[in-house]
Structure formats: structure tokens, C-alpha cells
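Okay, structure first, notes after.
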Amino acid sequence: MHDSRVMRDISIAMGSRTPEWPGDTPFSCGWTWRMRDGSSVNVSAITSSPHVGTHADAPLHVRDGWPASDALPLDAFVGRAVVCTVRGDVEQLTLADLPTLPREERIERLLLRTNRSVADGHFPDAWPAFELTALQTLLDRGLRLLGVDAPSVDPRESKSLDAHHLLFEHGANVLENLDLRDVADGEYELIALPIKMQAVDAAPVRAVLRRL
């Protein structure tokens, strides 16, 4: 029997084997103190872009003066979410490319499985992203959070980051680098709280799903 209380971890770890965005700062771990060297405790020191692994982008990521990650609204990252798989090999997504997307009801949190993820240890060459008209339709239907298994809600080569801007301008939020490989389409409870890091443009997230 399915236990609805069981949580499924959909996070990609921050680690030395986790691909960073090309040119960004990779994850590395050093040690301030080591017990094997005579210290009373082990204490690590890490260096990493906050975009390595599963993370929430802050508006500051795309515009100076916009809020940083410590201002992200926590309620947007907790609650009912819909997981949908992108149909076919497309670059620009429309709602027709999401056959399991509910058509009429309000959708506050949408998680997209594009199957173009860093979860397998490789950075993808490309991934699909929403056409802005389709994204606007979702915003009109109440979208507060768009999550993707891909490294970005915008195409890899985008410099204008139009999807980021549109989402943030409408008060919506961005969750990237999810691991949805073994998650069936459907409705879930999402818990994906960003770490409270001050004055930075993104925050690591431990994201989990629980079936409704």
C-alpha cells in the first residue's frame, strides 16, 4: 500500500561531482580542523556558487537592486505542486507540450521534468523553456513557483533571461536543478525551503515531495 507520508527527496546534492554552470564556481570542500591532525573536531570549509545543485534563484540574480535570497517568500516553496513531463523533443514549450497539466484549475506550483538534468553528472547541452505567452498564461492562472529539473528556466544560451524577469516581475519564484527522474506526474505536497543566506543571488534548497 502506498504511504502518503513518505517523502521523496528531489534534491541534487552540492558536491564536487555535481556539474556547475560552465564558467561558474564549482563546489569544493577543505578543512579548517581535522581530528586526524590532533584537533578535537572536524570542521569543514566550502567554496561554491549557490547555483550548484538544487537551488532557488532570487530576483537579485537578474537585476541589481532586486531582493536577495534571504527575502524569498517561504510560503511559495511549500504547498501543493503539480509535476508534469515535457512531451517530445521541443525547445520552446507551450502548454500543449504538457499533456498531464490540469487545464482549468489554478496552478500555484509547477515542477517540469524535461529529462535534461545534471542529476546524472553531466551538464546538458540544451533544454526546453517556456514560450513567454505560455508562461504568462500560467501566471494568469496563479503560478507562484516554477521548478525545473534543468539548470535554468531560460534556455542555456539566453542572455536576456526573459523567463526569469517575467516570473519575478509577477511575484513568482524559481527553483532549478531538481531531480525528477523517478517521480510520476501528478499532484504532491512540495517542501523546498531556501537556506537563509544574506545578500546573495540564490540559495541552496533541500527539496522533497510527498504524494497527496
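As a basis for the values below, the full set of heavy atoms in this structure was taken, side chains included, without hydrogen atoms, waters or symmetry mates.
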How far apart are the C-alpha atoms of Thr85 and Leu180, what are their side-chain angles, what is the distance that settles it, and do they pass the side-chain contact (heavy atoms from CB on, under 4.5 Å) test?
CA-CA 9 Å; Thr85 301; Leu180 299 174; over 6 Å; no

Would you call Arg181-Asp120 a salt bridge at under 4.0 Å N-O?
no

May I ask you to say whether Asp89 pairs ionically with Arg116, meaning some side-chain N is under 4.0 Å from a carboxylate O?
yes

So [Y] and [X], do their side chains get closer than 4.5 Å, heavy atoms only?
{"X": "Leu143", "Y": "Leu135", "value": "yes"}
{"X": "Leu178", "Y": "Val183", "value": "no"}
{"X": "Met14", "Y": "His55", "value": "no"}
{"X": "Val52", "Y": "Pro204", "value": "no"}
{"X": "Pro59", "Y": "Leu72", "value": "yes"}
{"X": "Asn115", "Y": "Val86", "value": "no"}
{"X": "Val118", "Y": "Pro124", "value": "yes"}
{"X": "Leu190", "Y": "Leu145", "value": "yes"}

Once you round to the nearest 0.5 Å, how far does [atom1] of [X] lie from [atom2] of [Y]?
{"X": "Leu138", "Y": "Leu166", "atom1": "CG", "atom2": "CG", "answer": "10.0 Å"}
{"X": "Ile12", "Y": "Glu176", "atom1": "CD1", "atom2": "CD", "answer": "11.0 Å"}
{"X": "Glu131", "Y": "Gln92", "atom1": "CD", "atom2": "CD", "answer": "5.0 Å"}
{"X": "Phe77", "Y": "Ile191", "atom1": "CZ", "atom2": "CD1", "answer": "14.0 Å"}

How close do [X] and [Y] get, counting heavy atoms only, and between which atoms?
{"X": "Ala203", "Y": "Pro194", "result": "CB-CB, 3.9 Å"}
{"X": "Arg211", "Y": "Asp185", "result": "NH2-O, 3.6 Å"}
{"X": "Ala58", "Y": "Ala68", "result": "CB-C, 3.6 Å"}
{"X": "Val41", "Y": "Val43", "result": "CG2-CG2, 3.7 Å"}
{"X": "Cys84", "Y": "Leu110", "result": "SG-CD1, 3.9 Å"}
{"X": "Pro102", "Y": "Arg141", "result": "O-NH2, 2.6 Å"}

Hydrophobic cluster membership, with links at side-chain heavy-atom distances under 4.5 Å among I/L/V/M/F/W/Y: are [X] and [Y] in one?
{"X": "Val153", "Y": "Phe123", "value": "no"}
{"X": "Trp66", "Y": "Leu161", "value": "yes"}
{"X": "Val148", "Y": "Leu175", "value": "no"}
{"X": "Leu146", "Y": "Leu93", "value": "yes"}
{"X": "Val82", "Y": "Val208", "value": "no"}

Using only heavy-atom distances, determine whether the side chains of Asp97 and Thr94 contain a donor-acceptor pair under 3.5 Å.
yes

Indicate whether any N or O donor in one side chain lies under 3.5 Å from an N or O acceptor in the other, for His51 and Asn177.
no

Looking at residues at least two apart in the chain, or sitting in another chain, which of them share a salt bridge (charged side-chain N to carboxylate O under 4.0 Å, His left out) with Glu105?
Arg80

Under 3.5 Å, is there a donor-acceptor pair between the side chain of [X] and the main chain of [Y]?
{"X": "Asp149", "Y": "Arg113", "value": "no"}
{"X": "Asp201", "Y": "Asp57", "value": "no"}
{"X": "Arg8", "Y": "Asp182", "value": "yes"}
{"X": "Trp127", "Y": "Ser117", "value": "no"}
{"X": "Asp162", "Y": "Asp154", "value": "no"}
{"X": "Arg109", "Y": "Ala76", "value": "yes"}

According to side-chain hydrogen bond (donor to acceptor under 3.5 Å, both in side chains), does anything in residues 19-30 pair up with another residue at least two apart or in another chain? List the pairs.
Asp24-Ser49

Suppose clustering is done on Ile, Leu, Val, Met, Phe, Trp and Tyr with side-chain heavy atoms closer than 4.5 Å. Which residues sit in the same group as Ile195?
Met197, Val200

Any residue meeting side chain to side chain contact (heavy atoms under 4.5 Å, CB included) with Arg103, in chain and number order, not counting sequence neighbours:
Leu95, Leu101

Side chain to side chain donor-acceptor pair (under 3.5 Å) evaluation trace for Ser39 with Asp37:
CA-CA 6 Å; Ser39 298; Asp37 297 329; over 6 Å; no

By ring pair (Phe, Tyr, Trp, His ring centres under 6.0 Å), His164 pairs with (sequence neighbours left out) His61

Please evaluate residues Leu112 and Phe130 with respect to the criterion side-chain contact (heavy atoms from CB on, under 4.5 Å), reporting the C-alpha separation (whole Å), side-chain torsions for both, the decisive distance (0.1 Å), and the verdict.
CA-CA 10 Å; Leu112 288 186; Phe130 272 121; 3.5 Å; yes

Please collect all ring pair (Phe, Tyr, Trp, His ring centres under 6.0 Å) contacts where either partner lies in residues 27-48, sequence neighbours excluded, each pair once.
none

When you look at CZ of Arg206, are more than 12 heavy atoms from neighbouring residues, nucleotides or ligands closer to it than 6.0 Å?
no

What's the verdict on side-chain contact (heavy atoms from CB on, under 4.5 Å) for Tyr188 and Met7, showing C-alpha distance, side-chain angles and the deciding distance?
CA-CA 10 Å; Tyr188 297 84; Met7 290 188 178; over 6 Å; no

